[in-house]
Amino acid sequence: MAKSRQKLSNQDSSLSPTAARSRDWDGPSRWTDYLGREMTSPLSSSSSRNIYHDGQSQGTTPSQSHKGINMQWVVQLTEVAEGLMAKMYRLNQLLDYPDPINHVFSDGFWKAGVFPNLPRICVLLSKKFPEHFSKLQLERIDKIAWDSLQDNAELHLQSLEPWVQLLLDLMVFREQALRLILDLSSTVITLLPHQNSLILHAFMDLFCSFVRVNLFSEKMPRKMLIQTYNLLHAMSRNERDCDFYHRLVQFIDSYDPPLKGLQEDLNFVSPRIGEVLEAVGPIIFLSTDTRKLRNEGFLSPYHPRYPDILTNSAHPLRAQDLANVTAYREWVLFGYLVCPDELRRVTSIDIALVVLKENLVLTLFRDEYILLHEDYQLYVLPRILESKKMAKSGRTKQKEADLEYNVAKQVEKMISEVHEQAILSCDAIHHERRILLKQEIGRMVLFFTDQPSLLAPNIQMVFSALALAQCEVIWYFQHVGVASSRSKTTRVVPVDIDPNDPTIGFLLDGMDHLCCLVRKYIAAIRGYSLSYLSSCAGRIRFLLGTPGMVALDIDASLKGLFQQIVHHLENLPKPQGENISAITCDLSDFRKDWLSILLIVTSSRSSINIRHLEKATVSTGKEGLLSEGNAAYNWSRCVDELESVLSKHGSLRRLYFYHQHLTAVFRNTMFGPEGRPQHCCAWLGIASSFPECASLIVPEEVTKIGRDAVLYVESLIESIMGGLEGLINILDSEGGFGALENQLLPEQAASYLNQTSRVPIPSYKSPKGTSGFPLPGHESFPENNGSIKMLEAAMQRLTNLCSVLNDMEPICVLNHVFVLREYMRECILGNFRRRLLGVLKTDNDLQRPTVLESLIKRHISIVHLAEQHISMDITQGIREVLLSEAFSGPVSSLHLFEKPTDQHTGSATESVCNWYIENIIKDVSGAGILFVPIHKCFRSTRPVGGYFAESVTDLRELQAFVRIFGGYGVDRLDRMLKEHTAALLNCIDTSLRSNRDVLEAVATSLYAGDRIEREASVKQIVDLETVIGFCVQAGLALAFDRLLAEASGAILEEGAPLIHSLLAGVVKHLPDGVPEKEEIRRMRTVANTVGVVNDHDSVWVRSILEEVGGASDGSWGLLPYLFATFMMSNIWSTTAFNVDTEGFSNNIHCLARCISAVIAGSEFVRMEREHQHRQSLRNGHASEGMDPELSSHMSAEASIKSTMQLFVKLSADIILDSWNETHRSHLVAQLIFLDQLCEISPYLPRSSLETHVPYAILRSVYSQYYADTQSTPLAILNASPRHSPAVHASPVLRHPRGDSPQYYGHDTGYFKGSSSHSQEHLYDADIGSLRSMDNKQRNYRSSGPLDYSASRSRVKSVEGSTSGSTGPSPLPRFAVSRSGPLAYK
């Protein structure tokens, strides 16, 4: 053997592609690149590596060189095989996975830069292999390509050289590995698992690696590689072939296909392989018998027949052998594939059938595989048929021939039929096995969690359970997406693997828990192992002293090794109390010495072999010497290599190559009906081991695999967070908690009552079904139990998932750390933000604020439910989200800082405020928005989006808006209203400036009483109707802001009553001055936003004019004349007063609010500017007497009153001067308008109107509205209905969607509530309230409430009624004054 190696090493000098790189055939230096100590590959065997590390120095001693096999070579070549396959895998990746068998190469293949991009020449060289290129006349095939090849031959040669070197390494590996396999097979006495398991595993690992490497080599373009390289070499080396060309051609040709060469090369070791496969058969049969595994408790931590005995002592060796059953199955598949003659053994048929029936593919390396049954039919079946033919020809004895013929026939039948069986049943077989493992591992986890002291004695059984689960999980993902062709047809059939199988999650979770338990109690396991080894030392010493051992003629070297074994075991540290974890113990020397003993006693060249030792020690009735030593070897690894053993049996790093399938199965099963939230820990934890798949032979793999592992974790976290959001949203849906909060809206209740009232009593059984509304309590009916159970399940999953994610340890992948708690917090808050923005709008338009508030509260309650299981403050995050969505900049009246330019503003607030401005104030949709003073809301003739206007603008809805968006939302809406109103006031200013001359002419004509001149001048005013529309819109904004201030005040009083009372008290004592000091102005503005200022409108308009610098022109002195010209507009002919709303049909009553506020505000601003001008003229000299600021304020109020009285006088003159018998439709509306103006304005006493319009006329007008017995409200319009559009009745009456209450039965009173300086009384719905504050200041004819109680009680409201009247005109009644005496109370 040594001579042959030396001879080969002398030949190697000419085999290297580069002269600078010479290698030794035998020496380790040849394989240096392939022997990375930390190289981990999915198929690497930890046991083999440990044998390698333990046996590195044992083969160098002179005393062993002639007796034992150098185990270093065995394990070294196994690692070399891993390195070779890693390089081939990388080459296939670079070449875009070519198909060299069918000569199919993609565009990526030619663009990879490995081969010249000359397909015609390269493919021809591959197809004509092994013919020499000189015989192919390539220059005639493609002359251009040939010339290009010659020009760049050296460059292409360099790109091919490393991969040709790989071919050369494959050839050398084949020769060395084959020689070593033959040597082991011929020299080792026994290779049975129960006698010589350590050497058996090393031998079979090398055997399988040898087969894998050669099968995998078929997937790389070997023929094209050597042919192209030799062509390029000849071009650049004067037509001389490379030195190793002919040997490589011979090697490739002999392994084309590889199975043909493997069967020929391994023919000599075939009998030994057959013996090994027969020996492992019983363990394979046991692993497939799920019923026996369950019934006899092979994976149970307690005795199956005697539950009182908690340790599994029934069959410890069998349970331990189950840990190796995955390797045994691979041995069977590879063994019978390359040694088909061994199938003719009688027992081999059953062994092969069991394994073939449950597999469709045979994994070569990572995710590369071959189709198992196709290869068995192509390469094994012909050999069986040949043996059957030989037996039939009678070349052997008749009896043996018959037996051989029958066996061959059975094998033929088995191979022919097993493929169909595998396609149909393999998934069912493995599914049953997964269910068994799910149950057993689940029980195991519960048992060892409860009884951790029993984990150490049963650690081998834990390893077996982990190994079986590992095998099943990897098998599942290996077969996902596999397509196999049926044996008798060419049709390709996809394997039916259920992607929704929940057992995968259970297995991953169980494995994760078992590994965590082992790591948690690692000190206890080490302590138990040390105790076992200490007791083992006594037993081995006893066996060495038995008469049988003494009688053996053991040489000094072997005897010394036995003494060293005993010495190692007797000098182990003794575990003392709690110091076990601090014990450091290296037992590698013990394992090295025991391996040396095995190598000696199993060699056929040794005088003392394993049979001698067994016979000498088994007579004692106890375990033999070798059995004790092998057990001690295994337990020693639980002392200092426990993590390595655990990684071998429990690591799932190979799943990296199926991580896309992994993600898909996770998404299908995690949140399925049988999914468990706690499984996500295991799915995520797999990624930590993914980087271990990277081979150091290929440095770029580390980066790629690490990046893929990070992306895998991120993808799973995204799915988990998506599931978390889904659970929250399920509970937050109308079918979730929304169903439990179900209430009938008032209109639904009314509809329901109407329908039930129509149902005859005898036939009436249940209200269900009569109306389309689910009634409160419907979830309590038995038929609705499913929805409640669904809610309970969703709540349970939500709390479990939150608890699991909260307790999960950080996931570490390379330098990335994933903390699931942080992801969960961001997910919950992000989902809340999206939910908030999503429910702002319905399908049609804005959501009602009260509904929005209830939805937010419902979502927050679900978040609070989850927060109980999370060790983080989610509530604070919810507040931050609400604040960020409500924040729209500093509050103008409270904050002095400017909003940063990059400051985020709340999109929710912007969205809602914009909706109110566009749809309520501007009425862009043309819904006929109408302000209803009596009900403090806005109404519409048709829905604005999904609701009528009153459903989103009454006081209750605005209070909900304030509660949701707080002060920032109120301030934003207030600012937007101010901006809109400022634009409208600017239009008034523009009109005053542009029409100044005309207005002066109007003023002159009014004083002169020249009606014709006045009418001519009014007609010259530009866009008068447009200005009136703008003023009405400004009045709408004033009314809306007043409602908003009242809602804000109510919420402030509810939430912070002390602050509200403080503001209400302070505002009464604020000094009145013109101009106001900045602090007083800010305080008044703050008080005005919460509705505690008497004159809200004038203060609000005053602040607008101050901000924009309005009312600065002298033309504003003509403001009352401009407003007086409004009386000559056509708008009065198209309006009507509505008793139910106490407003006009076209919002003209808002014009009164605008006129009052604009006159008052502009006068204050004008007086401030005049005061500042006087102050600058006096140069700081104070005037004597009264405080100048107080004097200015009093003069401002006097100016406002005089201006208002001037407007009333001018308006009354125009009204009374312009009516006649043919043109009187406008009169009543204008008179009521002036009365409402006196009602609204605190600066306009009603006596000023009495001077121009006797109140008897107004009383008569109101009598017509309130005392008329007609069922429809009366309006004084033209007789023709064409020119008299009906006054809109209350939308609440006409549309059951409204929520606002109706007010009809009043005791007594004037048509409107009390009139005082406080505008709050304007919104009082009590019609019977008395006016009391101004009675002392006004004359005895001041307007008091009139007694209409008797007549108003007869008025009925009819749904859908209008204000149009067909009765007689009331004007004659004005003349005769039939209204009766005034009632002053």
Side-chain angles (χ1 to χ4, degrees), residues 190-197 200-201 204 207-208 271-300 304-305 312 314-337 339-340 342-360 362 372-373 376 380 407 410-411 413-415 417-419 421-422 424-441 460-461 463-472 474-475 649:
T190 177
L191 285 173
L192 300 180
H194 63 281
Q195 291 180 336
N196 193 15
S197 62
L200 169 64
H201 278 272
M204 290 304 295
F207 172 81
C208 292
R272 297 304 301 270
I273 298 298
E275 293 174 4
V276 170
L277 300 184
E278 275 191 324
V280 300
I283 300 299
I284 293 176
F285 291 142
L286 175 63
S287 69
T288 58
D289 192 347
T290 54
R291 180 177 297 179
K292 186 175 183 180
L293 288 174
R294 180 185 288 112
N295 293 344
E296 298 193 13
F298 281 89
L299 298 175
S300 298
R305 300 185 188 88
N312 188 351
H315 23 59
L317 291 180
R318 282 287 182 89
Q320 181 176 333
D321 283 341
L322 287 172
N324 301 316
V325 76
T326 305
Y328 294 165
R329 291 192 183 110
E330 290 183 350
W331 296 357
V332 169
L333 295 176
F334 282 117
Y336 291 133
L337 185 61
C339 302
E342 300 311 309
L343 276 171
R344 292 181 294 171
R345 295 171 180 256
V346 178
T347 57
S348 297
I349 300 175
D350 294 332
I351 297 173
L353 176 64
V354 164
V355 182
L356 286 170
K357 191 166 60 174
E358 61 185 36
N359 288 281
L360 290 169
L362 181 55
L372 183 63
H373 296 275
Y376 262 80
V380 176
V407 170
Q410 292 178 26
V411 174
K413 182 181 178 183
M414 183 268 293
I415 294 177
E417 296 177 354
V418 74
H419 188 195
Q421 297 176 18
L424 296 175
S425 63
C426 66
D427 185 51
I429 293 171
H430 284 274
H431 181 70
E432 182 183 5
R433 201 171 298 163
R434 289 195 297 270
I435 291 176
L436 167 72
L437 291 171
K438 164 192 166 183
Q439 296 169 347
E440 296 295 333
I441 292 178
Q460 301 295 341
M461 184 189 64
F463 291 153
S464 296
L466 287 173
L468 289 174
Q470 178 193 57
C471 173
E472 290 305 315
I474 292 176
W475 183 94
H649 297 302

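Quick caveat: nothing in here was measured; it's all calculated off a predicted structure. FYI, side chains are in, hydrogens and waters are out, and symmetry mates aren't considered; it's all heavy atoms of this structure.
Remark: the E342 side chain and the S348 side chain contain no N/O donor-acceptor pair separated by less than 3.5 Å. If you check the side chains of H430 and E472, you find a donor sitting under 3.5 Å from an acceptor.
The CG atom of L356 sits 5.0 Å away from the OH atom of Y376 when rounded to the nearest 0.5 Å. Note that CD of E417 and CG of L353 are 9.5 Å apart. Values are rounded to the nearest 0.5 Å. Taken from CG in D289 to CZ in R433, the straight-line distance is 10.0 Å, to the nearest 0.5 Å. Distance check, rounded to the nearest 0.5 Å: CD1 of I441 to CG of L468 gives 8.0 Å. One distance of note links OG1 of T347 with CG of L277; it measures 9.5 Å at 0.5 Å rounding. Interatomic distance, I349 CD1 to M414 CE, rounded to the nearest 0.5 Å: 6.5 Å.
The two residues F285 and I351 come nearest to each other via the heavy atoms CZ-CG1, 3.6 Å. D321 and Y328 get closest at one heavy-atom pair: O-CE1, 4.0 Å. Contact detail for L360 and C426: the closest heavy-atom pair is CD1-SG, 3.8 Å. When all heavy atoms of I273 and M204 are compared, the pair lying nearest together is CD1-SD, 4.0 Å. Of all non-hydrogen atoms in V325 and I284, the two that sit nearest each other are CG2-CA, 4.2 Å. Closest of all the heavy-atom pairs between H373 and N359 is NE2-O, 2.8 Å.
Among the candidates N324, V280, T326, the single residue satisfying the side chain to side chain contact (heavy atoms under 4.5 Å, CB included) test with W331 is V280.
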(request) Kindly indicate, with the supporting measurements, whether the criterion side-chain contact (heavy atoms from CB on, under 4.5 Å) is fulfilled by E275 and L191. (result) CA-CA 8 Å; E275 293 174 4; L191 285 173; over 6 Å; no
(request) Please test I415 against L343 for side-chain contact (heavy atoms from CB on, under 4.5 Å), starting from the C-alpha separation and ending with a verdict. (result) CA-CA 10 Å; I415 294 177; L343 276 171; 4.2 Å; yes
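Side-chain contact between V411 and V380: absent, with no pair of heavy atoms (C-beta onward) separated by less than 4.5 Å. You'll find the side chain of L362 reaches within 4.5 Å of the side chain of L337, heavy atoms only.
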